[in-house]
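Worksheet: one structure, shown below.
Proteins get letters first, then strands, A, B, ... in listed order; numbering begins at 1 in each. All values derive from a computational prediction rather than experimental measurement.
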Amino acid sequence: MKEYRPAEIEPKWQQYWLENKTFRTDDSDRVRQKYYVLDMFPYPSSSGLHVGHPEGYTATDILARYKRMKGFNVLHPIGWDAFGLPAEQYAIKTGTHPGVTTNNNVDGFRRQLQALGFSYDWDREVNTTDPAYYRWTQWIFLKLYEQGLAYEASVPVNWCPELGTVLANEEVIDGKSEVGGFPVERRPMRQWMLKITVYAERLLQDLDDLDWPESIKEMQRNWIGKSEGAHVVFPLKAGSADTGESIEVFTTRPDTLFGATYMVLAPEHPLVDRIATAEQKQAVDGYRETAARKTDLDRTDLNKDKTGVFTGAYAVNPVNNEEIPVWIADYVMMSYGTGAIMAVPGHDERDWEFARKYDLPIVEVVKGGDVTKEAYVDSEEGICVNSANDEVSINDLPVPEAKKVITTWLEKKELGRYAVTYKLRDWLFSRQRYWGEPFPVIHVDGQPKPLPEDHLPVTLPEMDDFEPTKTGEPPLAKAREWVNTTDPETGKPAVRETNTMPQWAGSCWYYLRYISPDYEKGPVDPELEKYWMPVDLYVGGAEHAVLHLLYARFWHKVLFDIGVVSTKEPFHRLVNQGMILGELEFTAYRDAGGNYISFDKNGMSDDFERVKLQEKDVEKRGDRFVIKDTDTVVDARSFKMSKSRGNVINPDDVVELYGADALRLYEMFMGPLEQVKPWSMQGVEGVYRFLKRVWRLIMDEETDGVNQAVARSVNSDGSPPVKPDRAQLKILHETIRKVTEDIEGHRFNTAISALMIFTNEAMKWEVRPVEVLKPFLLILSPFAPHLAEEMWERLGELTGVTAAAGTTTGSSTGVPQVPARTLAYEPWPAYEEALLKDDSKTYAVQVNGKVRGQVEVPADRAADKDFVLDAARNEPTVSRHLEKGRVVKEIFVPNRVINFVVK
RNA sequence: GCGAGAGUGGUGAAAUUGGUAGACACGCUAGAUUUAGGAUCUAGUGCCGAAAGGCGUGGGGGUUCGAGUCCCCCCUCUCGUACCA
């Protein structure tokens, strides 16, 4: 081998690491400081890795490798979230068992990840579809059941006929399934639910202590959706319904009670049947029927135009005894609050719109706006008016104060009480699918009954027909022999639960299984759990901001409450990698006549023809791009990678062309980890050239040995190696410092830049001392581990320092015993402050804030203000500007800048 | 609508507490070398200007000796969310 050939050195080291179990984590050592760095659980799809995967994985791998060299005990595992719809749909189409598809996909993913040189402990691989794994998923479900957190309910669910399954609210986007984009309708069904709502307050409160991106915390807060206000009871007017009936509402604005001029019930509200008057019955029933048939999509569509029907009934406003009409309208949701509202059109936009449409009265009870023109909704500045009865007045009070006063009064009169409401709803936890965890539940005499723990795992029956039934019954219902069983306690005939768990189940606790993947007595070994938890760093995409992360936090808290885990939160620090977009594209538009039309971001008609342009065909004009030598504006932007757009980059292709080290390095060099950034194949070439330069820094491309500049430093005559000079040590230690600090701060792009600066500099040296090159390879190794290992080995052979294979290093420090050939456990180089000092300091010299020159002064005089100012004044360009007036002020910032203020 | 984040060269991006804006890399220009190369090396490259100098971090104000960084107003983009009472 002469030139840099990643295709030769990369497989060599990947094989070495695997065979020697270089990255096996040592469980016995629980004294050393631990570092648990985790990648989000991948779903092994048939299409393999996309370039987004290696982005986060490289970041965590760099940290894992760095921390190992820093002496930490590092846990860096990977596994497979392998249940899920695609394998099942493929099975329906082709008859291939989902388990077969899954295994193939897992093998593909494993091969791809290993080809990228990630330092996972492959002995800890877990797979959610493995009965030995889902045994404990089922066990956790039993615990949830024991805690009263799992229950069956017949609830209107999102039924997707196309997929033949029920979807969680989170899996429905704009009335369509997130997977596949099929229509979704509402339909009542028996389902398993988990009472995540019981944990709403803790899930909210404990966010505060987490080192997570603020945006993610905010999304979770919004999802939990805590509102404070009051429940208020509105009795129904005597004679308009059965006596004693009343409507309870939740409001965040009890201060506007005096402005409630009508009420609205959700169409599904159980009270509607009983209170609708004979005259209104037909209209009400008609409306309810229409509403029931609406999908979520329809409801959203009708957003703009509110509809509703009067029930004929009247309620009594408890604060002023006024009789107000009760309507039904689908802008009120049964699923939030009490499913009923008091409408205050003066101070709520929706109520105002509705009142306008149906000509209902609008009363001003908070001063500050003009309620004849729009609802006045400010709840900070407003002052209450028209809000008094014989016993209480909140007139002249600011809104926050008024809320307290009126709530106290309501409580005293037993008309209402302070209340907190959450948007968060219980978690719909069953799916009508085959390829998921079976519930450890049987039904005896129609009642659900959990199976005893020693009956776990309940494994999936073998089947060849995975088609869902038309009725919505899960495919498992077809496995008659499996379904019909007996109650192990009573011997009575029993039927198994045929729903399966959603995909979230397995990913809710996988980070615990990695800790003790073979533990038999529970989901996790308690001793090891105490050592390894919490996860120190969790890296993954922001698409899991609410769902996975909220569910996992919920399960973790339950496990904490029953003593299975020792921390109340699973993931201490969370980082979201930004999406990688396709390459920048230039698109021009042409009309029917073939004339180019300027792009207008406010909407281009589909009639125009899109023409893809090359970079050389366009030029920048102001803040936009135009076709070269014309005024025709083109659309210049990057798009999300998608098969349909044809801009998908396959990591395998990149590895084949440039190698895994180049791919890793490029993905880190693109920009900050968290940022969205466009792909650029030319950028990959840039880092590839850097790696080739590193190769040539040490190797001779003619002889396939180390080059003369390196060989000279160790001397052929046996004399001691050449000592690095001061300048060489200085740049080395500057680089060590920069790279160390940047890795700690996750600034991988600037760390790589520092490595490049070092290499550019060192290439100029006629003698390249091994004592400088070796630490450089160590700090390069987390980023480009294959190249670093190879160069380390070559230098080791040169100096004879490398121990023969088979001997070990680090055993005295508790580091796992590994052959010394690898640099993976070499101590991370430390930098010496003394070597970073400059001989001289350069000051920028400004006159009236404008830079007019620089002065270089010896370092030992750099703090001497008079000396430096004098030198600055004598700088020719500076003195010329000083002559223009009189110096009225001199600013001296040590080691940085001087500013003369001249008048 | 609401919430969060972001606007810096032709491109991706750098820039301690306010202290020489554009490090590093791509691209481009010129040259060297090579049978050739998506190879390598040298020099240049924010804009205007021959130079002196001027102008420059989305736009407009302000604070300061000094602002990409701090304050106020506005614009644009991205992400999330959507009748949540």
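- Secondary-structure annotation of RNA chain B gives the stems B:1-7 with B:75-81, B:10-12 with B:24-26, B:27-32 with B:40-45, B:46-48 with B:53-55, B:58-62 with B:70-74, with a stem taken as at least 3 successive Watson-Crick or G-U pairs whose two distances both fall under 3.5 Å.
- Pairing each heavy atom of A:Ala545 with each of A:Ile216, the nearest pair is CB-CD1, 3.4 Å.
- If you check B:C65, B:C83, B:C24 against the side chain of A:Ile757, the one that comes closest is B:C24.
- Salt-bridge annotation for A:Glu218 and A:Arg221: present, with a side-chain N of the basic residue lying under 4.0 Å from a carboxylate O of the acidic one.
- Regarding the sugar-base torsion, B:G9 falls in the syn class, its angle being within 90° of 0.
- A salt bridge does not link A:Lys612 with A:Asp617: none of the charged nitrogens is closer than 4.0 Å to a carboxylate oxygen.
- Dashed line: the shortest gap from a side-chain N or O of A:Asn222 to OP1 or OP2 of B:A82 is not under 4.0 Å.
- Map A:Glu349 and A:Met342 each onto its nearest nucleotide of RNA chain B; the residue landing nearer the 5' end is A:Glu349.
- Comment: A:Arg417 engages A:Glu248 in a salt bridge, judged by a side-chain N to carboxylate O separation of less than 4.0 angstrom.
- Nearest to the side chain of A:Glu685, among B:G53, B:G38, B:G19, sits B:G38.
- In this entry the distance linking CD1 of A:Ile752 with P of B:A14 reads 12 Å, nearest Å.
- Ion pairing between A:Lys764 and A:Glu761 holds under the 4.0 Å rule for side-chain N and carboxylate O.
- Here the P atom of nucleotide B:U16 and the NZ atom of A:Lys738 are 8 Å apart, to the nearest Å.
- In this model, the phosphate group of B:A13 is approached by a side-chain N or O of A:Gln675 to a distance below 4.0 Å at OP1 or OP2.
- Within the 4.0 angstrom heavy-atom criterion, base atoms lie near A:Thr842.
- Among the nucleotides B:C24, B:A14, B:A52, the one closest to the side chain of A:Arg880 is B:A52.
- As judged by a 4.0 angstrom heavy-atom cut-off over every strand, A:Ser215 is placed among residues touching the sugar-phosphate backbone only.
- In this structure, of B:U20, B:G10, B:A85, it is B:A85 that holds the atom nearest to the side chain of A:Ile341.
- Taking the six-membered ring for Trp, A:Phe892 and A:Tyr843 have ring centres closer than 6.0 Å.
- Within 4.0 Å (heavy atoms only), A:Val893 reaches at least one base atom of the nucleic acid.
- Distances were taken from every side-chain heavy atom of A:Met219 (C-beta onward) to each of B:G80, B:G19, B:A85; the shortest belongs to B:G80.
- Among the heavy atoms of the strands lying under 4.0 Å from A:His881 are primed sugar atoms or P, OP1, OP2 only; no base atom is included.
- An OP1 or OP2 oxygen of B:U11 is reached within less than 4.0 angstrom by a side-chain nitrogen or oxygen of A:Lys620.
- Residue contacts shown for A:Pro672 are limited to sugar-phosphate atoms, with no base heavy atom under 4.0 Å away.
- At least one side-chain heavy atom of A:Ile649 sits under 4.5 Å from a side-chain heavy atom of A:Val654.
- Proximity of A:Arg896 to the phosphate of B:A15: no side-chain N or O atom is located under 4.0 Å from OP1 or OP2.
- Evaluation of the salt bridge (Lys or Arg N to Asp or Glu O under 4.0 Å) rule for A:Glu201 yields A:Lys226 as partners, not counting sequence neighbours.
- Listed nucleotides B:C83, B:A4, B:C26 differ in distance to A:Gln682; the shortest reach to its side chain belongs to B:C26.
- Closest contact between the side chain of A:Tyr658 and the listed nucleotides B:G38, B:A85, B:G19 involves B:G38.
- Here the C1' atom of nucleotide B:A25 and the CG atom of A:Asn749 are 11 Å apart, to the nearest Å.
- Straight-line distance from the CD atom of A:Glu218 to the P atom of B:G5: 9 Å, rounded to whole Å.
- Set against B:A15, B:C41, B:C26, the side chain of A:Thr750 has B:A15 as its closest nucleotide.
- The side chain of A:Lys677 places no N or O atom within less than 4.0 Å of a non-bridging phosphate oxygen (OP1 or OP2) of B:G12.
- Going from atom CD1 of A:Ile247 over to atom P of B:A85 covers 19 Å, rounded to whole Å.
- For A:Asp348, the listed nucleotide lying nearest its side chain is B:A85; candidates were B:A85, B:G19, B:A13.
- Whole-Å rounding puts the A:Arg637 CZ to B:G12 P distance at 14 Å.
- Put simply, CZ on A:Phe669 is 9 Å from C1' on B:C26, counting in whole angstrom units.
- Each of A:Glu214 and A:Met763 has a nearest nucleotide on RNA chain B; the 5'-most of these lies closest to A:Glu214.
- Side-chain N/O atoms of A:Arg696 include one lying less than 4.0 angstrom from OP1 or OP2 on B:C41.
- Applying the 3.5 Å distance criterion, the base of B:U20 shares no donor-acceptor pair with the side chain of A:Arg852.
- Of the side-chain N and O atoms in A:Arg689, none sit less than 4.0 angstrom from OP1 or OP2 of B:C41.
- One atom, CD of A:Glu585, and another, C1' of B:U11, lie 15 Å apart when rounded to the nearest Å.
- When ring centroids are compared, A:Tyr262 and A:Phe354 come within the 6.0 Å threshold.
- Within the structure, a side-chain polar atom (N or O) of A:Lys850 is placed less than 4.0 Å from OP1 or OP2 of B:C55.
- When distances are taken from the side chain of A:Lys692 to each of B:U17, B:A39, B:G12, the shortest belongs to B:A39.
- Between B:A13 and A:Ser753, no contact under 4.0 Å exists linking OP1 or OP2 to a side-chain N or O.
- A:Lys357 has no carboxylate O lying under 4.0 Å from a charged side-chain N of A:Glu353, or vice versa, which leaves the two without a salt bridge.
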